[in-house]
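The block underneath contains the structure these notes are about, expressed in structure tokens.
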Amino acid sequence: MFDKLFQQFAKFYESFNPSYFIIAVVAFSQGVQHLADLSINYMLKDDFGLSPAMMGLYLSYTTTPWIVKPFWGLITDSKPLFGYRRKSYIILFGIFDALGWIALSKYGTDNLYSALLLLFLIQLSTCFVNVVGEAILVEVAAQASRQQTNFQHGASKNVSIFFGVRAFGTLISAFFSGALLHYFTKQEIFMMTAAFPSLLVLVSFFYVEEKVDPRALDQNDRRNNTMQCIKDFWTFFQNPLIYKPVALIFCFMMAPSSSTIMFFFYTQVLGFEPSFLGQLKFVYALSTILGVLLYNNYLKDVPFKKIFITTTILYYFCYQSMIILVTRKNVEWGINDKFFCLGDSVMLQLVGELNLMPILVLACRMCPKNIEATMYAMLMSTINFGSTLGSQWGALFLIMLGVNQNDYSKLWLFIIVTGVFILMPLPWVGVVQEDKILKSRDQQLEEFKQKDCESDTVSTSNLRQEDDQQQLLSENEQQKS
């Protein structure tokens, strides 16, 4: 195993692109900021007295910036800031991110609406940095595709790097998140979290990117024209080969979430302390990394339909296994609660990651040149919007079934009902036609290139006409004199 890991590292080193470093730092910073997740949950539950349904709703509202990711992608694609398309935005929003955590530690723990507003600011800043990092990710994958015959491998590798490093950051934060609550206050943990985006800002100053002079930008260049980027994006998205898979992804991510009610169940019914909840988060992150490694090493060549159907069905049965816990059958069978939760979490997160990775790779492969950030951000915002609606659906079902922090008697029914939504997209998985999607993307790219050449030809001919006119004027002046 270690020989294989060493060989993979050697191959990665040979094909190393300096952009991988900033991609890794962005991903790590995003993952390690989960250090404050438990503190936020306890703040909303204990300090502000929110119910599971209301906590889910409020947290979903703070994630709104992730739904409009295409807008942030459009900005970074078409509007350089201080001469840079990527670097300046990472620095600016990294600063906003750090200031948000500092403000949350100072002013956010006394008032619910102040806390939600600051959490919104933090999510906005993290989201924008994430968009820029993913744009660099897609650019690197596109560059690699010109040197490789199999773009699937390049896309899989780049997606695996980004989400693997992010999971590693989550792993580190999870290891300490629960234990830190025994020794530090929530405010102090928020202040600690501010150090990570601050480190990202510092590192970003050393990121080498080609500088762009805004005054010298050619508006005939599609990349510099915002309206043209929008038109290109809309033209590409109107293709049934593109919007149908996007709709499938959206429906899949809309499955109602059970995360908030299970947090209450763990703390109130099972009596789990923050230290054990931190261990659970550690197991989640470890399973995520394992899922990324398994996919990248053994499953990246498996067709999308096959792996998506198989992992979706497996994920459904893993999700339904929580009924054993909430009905306390595991106690009747002599299985310890903590042991059951750890084992169940490993399977649920591992299969869930194997289920999600093909979707992320497909999203990376679908992105055309010049609108990489916009298109990939749109695809990821589809996932985020579906997850946000899933949180709200979950809150709605909790209210309808009367499940709250005082009554968990119908929690098993909630798991059964919400589990059905996991299987609902499977009949429409046939809309994903990978080969046709790639051909359509390449064809669209060729059309863009032809239009660019035509615009260049027109602008060149116009310049020649202007030169001829100026020459004639100068000759006439000489004759008059």
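The residues of the chain are indexed from 1 along the displayed sequence. Every value quoted in this text rests on a predicted model; they were computed, and no experiment measured them.
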Criterion side-chain hydrogen bond (donor to acceptor under 3.5 Å, both in side chains) against Asp97, the qualifying member of Gln33, Gln123, Gln30:
Gln33
Is it the case that Lys186 places NZ or CZ above or below the six-membered ring of Tyr42, under 6.0 angstrom from the centre and within 45 degrees of the axis?
no
Do Tyr61 and Phe120 make a side-chain contact, defined as non-hydrogen atoms from C-beta onward lying under 4.5 Å apart?
no
Partner set under salt bridge (charged side-chain N to carboxylate O under 4.0 Å, His left out) for Lys87, not counting sequence neighbours
none
Within the side chain of Gln187, is there an N or O that forms a donor-acceptor pair under 3.5 Å with the backbone of Lys106?
no
Parallel, tilted or perpendicular: which fits the ring planes of Phe93 and Phe96, with parallel below 30° and perpendicular above 60°?
perpendicular
Kindly indicate whether the side chain of Tyr408, heavy atoms from C-beta on, has any atom under 4.5 Å from the side chain of Phe264.
yes
Does the side chain of Leu325 reach to within under 4.5 Å of the side chain of Leu270, using non-hydrogen atoms?
yes
State yes or no: are the ring centers of Phe397 and Phe421 separated by less than 6.0 Å?
yes
Answer yes or no: is there a side-chain heavy-atom contact under 4.5 Å between Leu50 and Lys45?
no
Check: Phe276 and Leu280 side chains under 4.5 Å, non-hydrogen atoms:
yes
Could you tell me if the side chain of Phe190 sits less than 4.5 Å from the side chain of Ile122, heavy atoms only?
no
Give a yes or no on this: more than 12 heavy atoms of other residues, nucleotides or ligands lie within 6.0 Å of atom CH2 of Trp66.
yes
With the side chain counted from C-beta on, respond yes when Asn41 and Leu59 share a heavy-atom pair under 4.5 Å apart, and no when they do not.
yes
